[in-house]
Amino acid sequence: MNLPPPFVPGDSVLTGVRASSGIAIGPARVFNHKNLLLPDYRLRSESLLESEIDRLQQAKSVVRQRLNASREALPPELKSQAGIIDALLLLLDDPVLSKKTCSLIREERRNAEQAVILTLKSISAIMENVADDYISSRLSDVEMVGYSIISALVGHGGGEMPEMPEGSILVVQDISPAEVAKLASAGLAGLATESGGHTSHTAIVAQALELPAVMGVKNLVAGVANGDTVILDGRTGHVIIRPDEDTLNFYRTRQKMEWSFNAEIVRSAHLPAVTLDDRHIEVMGNLELVEELPAIMSYGSEGIGLYRTEFMYMNRKFLPGEDELFAVYRRVVESTAPNPVIIRTLDLGCDKLLEESAHSPDPNLALGLRGIRFCLRNRPIFKTQIRAILRAAHYGEVKILLPMVSGIEELRATRLLVGEMERSLELEKIPYAPGLPLGVMIEVPATVFLARELAEETAFFSIGTNDLIQYTLAVDRGNPEVAEMYQPLHPAILRMIKLVLDIGRETGTYVSICGDMAASELTAPILIGLGAESLSMPPAAIPKIKRLIRMSSHSELRAWAGEALLAKTTEEASGQSNRNLKRKFPELFR
Ligand code: PEP
Ligand code: MG
């Protein structure tokens, strides 16, 4: 299993970010948002020409409505940016664009999608040769408007996804978390993308579904043709295109060995995670989709440490109602009982968007109306969710977790709202559980430095290392260009985690860690050494992390963490930590 990969000169090998482990081998299905798989036909009769123009106009009015809605929804502090949307609205009615598109329909009898594409191509052929920043930014505006019209024409966020024969590997520029969830159920074997990073939400969904994935692969789509055999190695980040027979055989053997190793560790997954010197570490599962429930149970989880509820809101036209939410939450709570479920309230925003806002012009989604900010601004949506959670809590142990908190006010405002919902359920005589513990995600750096004060008003903390790293190091977690700057073992990150764990211990506040650092064999030992007593991770990671805990002594992990804490650079901290790990677990490095 651990031999070096036998790439041979005939193989084409690209490298990206390790997004979800596992090996997948299969035929590629290539999807290029910009020009593949859009309908392409000629309009046969005169009578169809005007209705095609109508279809184009309707698509434009959909885009116009979306742009106007986005403009309206701009928060007061961003109203000054409305000009950007106005410019797009003007482009939508640009006479040159319209004239060219309509003439392609009328004179060349092209369908509307192709008419828009050909217009965009001719405009970019002219503008691309002009070395002027202003002109090239106008070109991207034109493209944005053009592709929005195409999306509206095909009635989808970015064009229809291709048919996905079972066992194929999707090769794509970019894909939303919700689309991955949809395709995985159709038998997808692996995913390779040009965009995204290890903790992007698309990667998180791939991990949840145990779908091997490599993301952030440059020049991927151009280098693969539909039907090419592709090998994905989610552990090394390699994508091997058109491998020769020797490479294929090597990976087939390695894939079988991985499967049998995983089956073996799953067999011992029900054993408690107790270190050699008798310290119990709680290991729980992260849940995104109810499909993961059986895995969470069979992989020996001690509860659900993070239920990411936003996925139920994505990929659909209408928001879920209280009864629908309640039914799903109740199922999760009852399946997990007697273990607890930490339900995180909606964390929409950033790369998790409602379908209607998938074309949001907000250039800075990660710093925008995300998580608790969105909920407190959209109270009817928040109230519906809180009522559903309170009702589900009648059937098992539930705690409520708030995402993206940056100050105590958000916690207080939510507490008032929860009280209001308790009273409404009481009046309506609907069964619910009162006084649920209300916890705060520690993922915005401000909360690290407010942890002592927050501890006075909150029941527990959950450290979200994915965002804590993103916001502390100012590195977009989904941007492959800065993937190597996304450093979990950065000294500032280690010190912040230690600070929160210490405050938790001193104040008697329960602290769990639910970001990806808890799921990685390279970082979980350091977290435990820093004092973490509870970790939550994708179900597939539970057996391997429990095994690692059972093979370690707490005192040695404390010593490793102590060394890492003294490091001045990431290189120093990860060098020390990797040396220690390599000595004890050499198999992790082969
Ligand atoms: C985190 O930020 O670490 C986290 C667990 O939340 P999410 O990945 O959903 O943003
Ligand atoms: Mg987060």
Side-chain angles (χ1 to χ4, degrees), residues 1-7 11-26 169-171 180 184 188-193 196-200 202-218 220 229-241 243 247-266 269 286 295 299 466 477 480 483-484 486-489 515-525 537-548 551 574 577-578 581-582 584-590:
M1 171 163 134
N2 296 317
L3 300 172
F7 303 137
D11 297 338
S12 167
V13 183
L14 298 174
T15 305
V17 177
R18 299 174 291 237
S20 175
S21 65
I23 291 170
I25 304 172
I169 292 181
L170 178 63
V171 172
V180 173
L188 188 65
L191 171 70
T193 69
H198 181 73
T199 61
S200 65
T202 298
I204 286 171
V205 169
Q207 290 156 23
L209 298 165
E210 299 182 37
L211 180 74
V214 178
M215 303 181 74
V217 188
K218 283 194 180 139
L220 171 73
T229 299
V230 168
I231 300 173
L232 273 190
D233 187 343
R235 204 176 141 207
T236 59
H238 289 126
V239 179
I240 305 153
I241 305 152
T247 311
L248 260 177
N249 287 336
F250 172 87
Y251 275 97
R252 283 196 187 114
T253 312
R254 203 173 137 166
Q255 190 183 42
K256 279 196 197 117
M257 290 172 86
E258 256 195 42
W259 285 342
S260 67
F261 176 73
N262 288 343
E264 192 186 312
I265 58 170
V266 166
N286 291 351
Y299 290 168
N466 302 339
R477 60 193 267 193
E484 80 268 20
Y486 187 91
Q487 298 165 340
L489 293 178
D516 185 70
M517 280 180 79
S520 160
E521 288 148 305
L522 302 182
T523 47
M537 60 199 69
I542 296 174
K544 65 176 194 194
I545 296 296
K546 283 181 103 176
R547 170 180 170 271
L548 192 135
M551 291 170 72
S574 58
S577 142
N578 287 352
L581 277 167
K582 210 173 209 164
K584 184 148 180 99
F585 304 106
E587 72 277 10
L588 299 182
F589 291 83
R590 290 192 209 124

(request) Would you sort out whether Arg477 and Tyr486 count as a side-chain contact (heavy atoms from CB on, under 4.5 Å), showing the intermediate values? (result) CA-CA 7 Å; Arg477 60 193 267 193; Tyr486 187 91; 3.7 Å; yes
(request) Begin from the C-alpha positions of Leu489 and Ser577 and carry the test side-chain contact (heavy atoms from CB on, under 4.5 Å) through to its verdict. (result) CA-CA 9 Å; Leu489 293 178; Ser577 142; 4.0 Å; yes
(request) Go through the steps for Gln255 and Ile25 under the test side-chain contact (heavy atoms from CB on, under 4.5 Å), then give the verdict. (result) CA-CA 9 Å; Gln255 190 183 42; Ile25 304 172; 4.0 Å; yes
(request) Using the side-chain contact (heavy atoms from CB on, under 4.5 Å) rule, take Leu522 and Leu581 through it: C-alpha gap first, then chi angles, then the decisive distance, then the call. (result) CA-CA 7 Å; Leu522 302 182; Leu581 277 167; 4.0 Å; yes
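Panel note: side chain Gln207, backbone Ser20; no donor-acceptor pair is recorded below 3.5 Å. With Lys256 contributing its side chain and Tyr251 its backbone, the two residues share no donor-acceptor pair below 3.5 Å. Side-chain N or O atoms of Thr253 include one that pairs as donor or acceptor with a backbone N or O of Asn249 at under 3.5 Å. Side-chain atoms of Ser520 do not come within 3.5 Å of backbone N or O of Met517 as any donor-acceptor pair. Looking at Arg18, its side chain never comes within 3.5 Å of a backbone N or O of Gly234 through a donor-acceptor pair.
Within the 4.5 Å cutoff, the side chain of Ile204 has heavy atoms near those of the Asn466 side chain. Considering only heavy atoms from C-beta on, Leu248 comes within 4.5 Å of Ile231 through its side chain. Side chains of Ser200 and Met215 form a contact here, defined as non-hydrogen atoms less than 4.5 Å apart. Inter-residue side-chain proximity for Val239 and Val13 is flagged as unmet; no heavy-atom pair is nearer than 4.5 Å.
Minimum interatomic distance between Val180 and Leu209 (heavy atoms only, all atoms of both residues): O-CD1, 4.3 Å. Counting all heavy atoms, side chain and backbone alike, Ala483 lies closest to Val17 at CB-CG2, 3.9 Å. Closest heavy-atom contact between Tyr299 and Lys546: O-CD, 4.4 Å. Smallest separation of non-hydrogen atoms from Leu191 and Ile169: N-CG2, 4.4 Å. Here the closest heavy-atom approach between residue Gly22 and residue Pro212 is recorded as O-CB, 3.4 Å. Across every non-hydrogen atom of Ile545 and Met537, the tightest pair is CG1-SD, 3.6 Å.
Considering CD1 of Ile265 and OG of Ser260, their distance stands at 11.0 Å, rounded to 0.5 Å. The structure places OG1 of Thr247 at 6.5 Å from CD1 of Ile240, a figure rounded to the nearest 0.5 Å.
Annotation: side chain to side chain donor-acceptor pair (under 3.5 Å) contacts of Gln487 (sequence neighbours excluded): Thr570.
Checked for salt-bridge contact, Arg254 and Asp233 meet the test: a charged N lies under 4.0 Å from a carboxylate O.
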